[in-house]
Amino acid sequence: MPNPYLIVESGPDQGSRHDIKDPECVMGRHPDCQVVIEVGAVSRHHAQIVSMDGKHFIEDLNSRNGTFLNDEAIQGRRLLDSGDQLRICDVLFTFNHPKPDVGSDGSSFGQLVVDDGATSTIMTKLDVSSNRSGPHLSASADMKLAAMLETTQSLGKAVALDDVLPKVLDSLFKIFIQADRGFIILKDEKGTLIPRWSKLRRVDADDTLRISQTIVEEVIDSKKAILSADAATDTRFDASQSVAEFRIRSMMCTPLVNSEGEAIGVLQVDTLDQRKRFEHEDLEVLSSVAAQAAVAIDNAQLHENALRQRAVERDLELAREVQRSFLPDHRPDFGDVEFFDYYRPASHIGGDYYDYIRLPDGKLAILVADVVGHGVAAAMLMAKLSAEARYALASEASPAAAITRLNEQFCKLHINRFATLILVAIDPATYEMSIVNCGHMPPIIRRQDGSIEEPGSEHAGIPVGINDDVQYRQFTTTLHSGEIVMLYTDGVNEAMNEENECYTIERIRQFVCEQIGSLHRKGQLLIDDVRQHIGDGTQDDDMCLVLFARGVAFGDADPDLKQTLQN
């Protein structure tokens, strides 16, 4: 039996659909609700729809602003009927409970399958691909009017496929009173034919509906409607189980052609009564209805795709906010060391990572990491890396032991993913830097005399997550007054322009080496230069960098910035 559902008539998600699948469907502002309503006046758990014994009830959950059923405030539980309107603050829903189609004996129809063994030859064809608005009708005037009015009225307000499809068949059964069966088959995203909706006027002993795949494929490939005036006695249908088993006397099948001229499915009706066979005029009417139905189905699919895309974008935006929470919300106050950092994922979320972590012995650990890949999977692994790194650094006595432990935990995930990482731990008393490198680019250090060093390559280990039997090593160097250190990911030096030219490490070295006022200004000018290099091209990888310097003098060219940073 089809699930009941809610259609949002007004509010932030107007036009969206919420299927009611659980016995208790909670509506409210909390993200765990089955129906999330992102409106400030809505309570976290505002109301719920309770399903019992095939009936559905609305119940207010002691909300601040109440729940209204057909503009009447409810208390306790109230029975819901299809078409009822629910209002929660300024958001209006329509409750729908689609009923299964039934035969004359009240039984609902069963499974709908495509009969692969059917082979058929077409008797009459009608080309519908050349005229998207439908063929010229030669049927009687009252039939034309019935077809047009019925279809237009029933499809005019339908926005969901589960609304469009049954309305199409309901219209056809009123137009073709001799029809015993009707069904709609649509292509899925992979091009597979999927039976989506069917309708019976009466039910035979076997409630499985078999359809001739040969006929369906012929109609889709040729984009031509077909008619068989007497399918059961036509020798060309002898091998079709779907025709013979159900004693089909007459059938019509027409393609559903979208606005781009692509056949997205078929619409078929047939009859068992040999005295009420379909005529050529009936095929023209069916094709005209199918033309309107195809537009409605195409629009419904586009609408549902847009809703899904909007939901995905909303989830990605939320994921971006969550990921930002794993990154530092402020730069550390650490003696006379100044900091600058930058992070920009290639998409909504990314796999690059940086952090400032105070260690138990008073040192400050600075981490920059790059999880292989980018997007959702890399972002999830980045979150795991962040948590494990903090735990390891708090548990181990040295940076090298902490990273060794981090690698062991990463390898236990068994996900065939790895991350490069660079860690620098600064002693506040001596400004000695302990560095651990896990397959990452070495730090770029500008010394007091203006020279550039990139130490530690000989001590670097492999990325974390590859081999759990690795003992990482650390080496030390000292940060003197006036010296600058840069840690970065390869999204910076490998940033591509439209000519597929990388930004290069050499250009990064030049920026680190140059005397450019404040550290903040130096970092911002570097980022601006990278983005100017990318130009109108696409950022292909996540970008992350951390700059820190000890006692770097501010330039005279930016006194306002100097005062801001000193404050």
Side-chain angles (χ1 to χ4, degrees), residues 1-39 42-43 45-61 63 66-89 91-103 106-112 154-170 184 186 194-200 296-297 300-301 303-305 307-308 310-311:
M1 179 177 292
N3 290 320
Y5 58 92
L6 295 170
I7 295 293
V8 182
E9 304 292 351
S10 65
D13 295 324
Q14 183 175 0
S16 62
R17 167 179 170 146
H18 300 277
D19 287 317
I20 302 171
K21 301 178 181 178
D22 300 323
E24 295 181 352
C25 177
V26 180
M27 309 168 67
R29 190 162 41 87
H30 195 279
D32 290 339
C33 293
Q34 283 80 7
V35 179
V36 178
I37 309 173
E38 296 178 349
V39 174
V42 174
S43 299
H45 298 89
H46 197 106
Q48 68 177 356
I49 295 176
V50 180
S51 302
M52 296 187 303
D53 300 326
K55 296 182 179 180
H56 307 279
F57 303 84
I58 181 67
E59 177 182 10
D60 185 76
L61 298 178
S63 64
T67 304
F68 294 80
L69 173 61
N70 298 325
D71 287 330
E72 180 181 344
I74 64 171
Q75 295 181 352
R77 288 183 178 178
R78 295 282 298 276
L79 180 65
L80 286 172
D81 291 324
S82 187
D84 280 346
Q85 290 196 325
L86 298 176
R87 181 166 58 83
I88 294 179
C89 297
V91 182
L92 184 65
F93 300 87
T94 297
F95 175 78
N96 293 277
H97 188 196
K99 306 295 183 182
D101 290 307
V102 297
S107 302
S108 61
F109 61 79
Q111 186 182 12
L112 181 64
S154 62
L155 300 182
K157 296 182 179 180
V159 294
L161 269 180
D162 286 345
D163 291 334
V164 171
L165 302 182
K167 288 180 178 179
V168 170
L169 294 178
D170 288 344
I184 296 173
L186 299 178
I194 305 296
R196 291 299 304 269
W197 210 273
S198 61
K199 184 179 179 68
L200 295 178
I297 290 171
Q301 290 176 327
H303 177 74
E304 292 182 357
N305 289 338
L307 291 178
R308 283 195 294 268
R310 189 164 64 180

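Remember, it's a predicted structure, so these values are computed and weren't measured experimentally.
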Practice task
Report yes if some heavy atom in the side chain of His45 is under 4.5 Å from a heavy atom in the side chain of Cys33; otherwise report no.
Solution key: yes

Practice task
Please answer whether the main-chain N or O of Ser43 pairs with a side-chain N or O of Ser63 as donor and acceptor at a distance below 3.5 Å.
Solution key: no

Practice task
State whether the side chain of Arg196 and the backbone N or O of Ile184 hold a donor-acceptor pair below 3.5 Å, judged by distance alone.
Solution key: no

Practice task
Using a 4.5 Å cut-off on heavy atoms from C-beta on, say whether the side chain of Met27 contacts that of Thr67.
Solution key: no

Handout entry: Pairwise distance CG(Leu6) to CG(Asn96) - rounded to 0.5 angstrom
Key = 8.0 Å

Handout entry: Distance in Å, Ser10 OG paired with Leu92 CG, rounded so as to fall on 0.5 Å steps
Key = 4.5 Å

Handout entry: Atom pair CG (Leu86) and CD1 (Ile7), whose distance is rounded to the nearest 0.5 Å
Key = 12.5 Å

Completion exercise
Paired with Asp84, the side chain to side chain contact (heavy atoms under 4.5 Å, CB included) test is passed by just one of Thr94, Leu79, Asn70, namely Asn70

Exercise for the section: Please round to the nearest 0.5 Å and tell me the distance separating atom CG of Asp81 and atom NZ of Lys55. Expected result: 10.0 Å

Fill in the blank from the handout: Hits for ring pair (Phe, Tyr, Trp, His ring centres under 6.0 Å) against His56, two or more places apart or cross-chain, chain-then-number order -> Phe95, His97

Practice task
Find out whether Ile58 and Phe93 are in side-chain contact, i.e. whether some heavy atom of one side chain is under 4.5 Å from a heavy atom of the other.
Solution key: no

Exercise for the section: With the side chain counted from C-beta on, respond yes when Val26 and Val35 share a heavy-atom pair under 4.5 Å apart, and no when they do not. Expected result: no

Completion exercise
In this structure, CG of Asp170 is separated from NZ of Lys199 (nearest 0.5 Å) by 4.5 Å

Exercise for the section: Just jot down the side-chain hydrogen bond (donor to acceptor under 3.5 Å, both in side chains) partners of Glu59, sequence neighbours excluded, or say none. Expected result: Gln48, Arg77

Problem - 4.5 Å side-chain heavy-atom contact, Ile194 and Leu186 - result: no

Handout entry: Heavy-atom closest pair, residues Pro31 and Val36
Key = O-CG2, 3.8 Å

Practice task
Report the C-alpha distance between Glu72 and Arg78 in whole Å, list the side-chain angles of each, state the deciding distance to 0.1 Å, and finish with yes or no for side-chain contact (heavy atoms from CB on, under 4.5 Å).
Solution key: CA-CA 11 Å; Glu72 180 181 344; Arg78 295 282 298 276; 3.7 Å; yes

Exercise for the section: Would you mind reporting whether Cys89 and His46 have side-chain heavy atoms less than 4.5 Å apart? Expected result: yes

Completion exercise
In short, Phe68 meets Ala73 closest at the heavy-atom pair CD2-N, 3.4 Å

Fill in the blank from the handout: Rounding to 0.5 Å, atoms CG (Leu69) and CG (Asp60) come to a distance of 11.5 Å

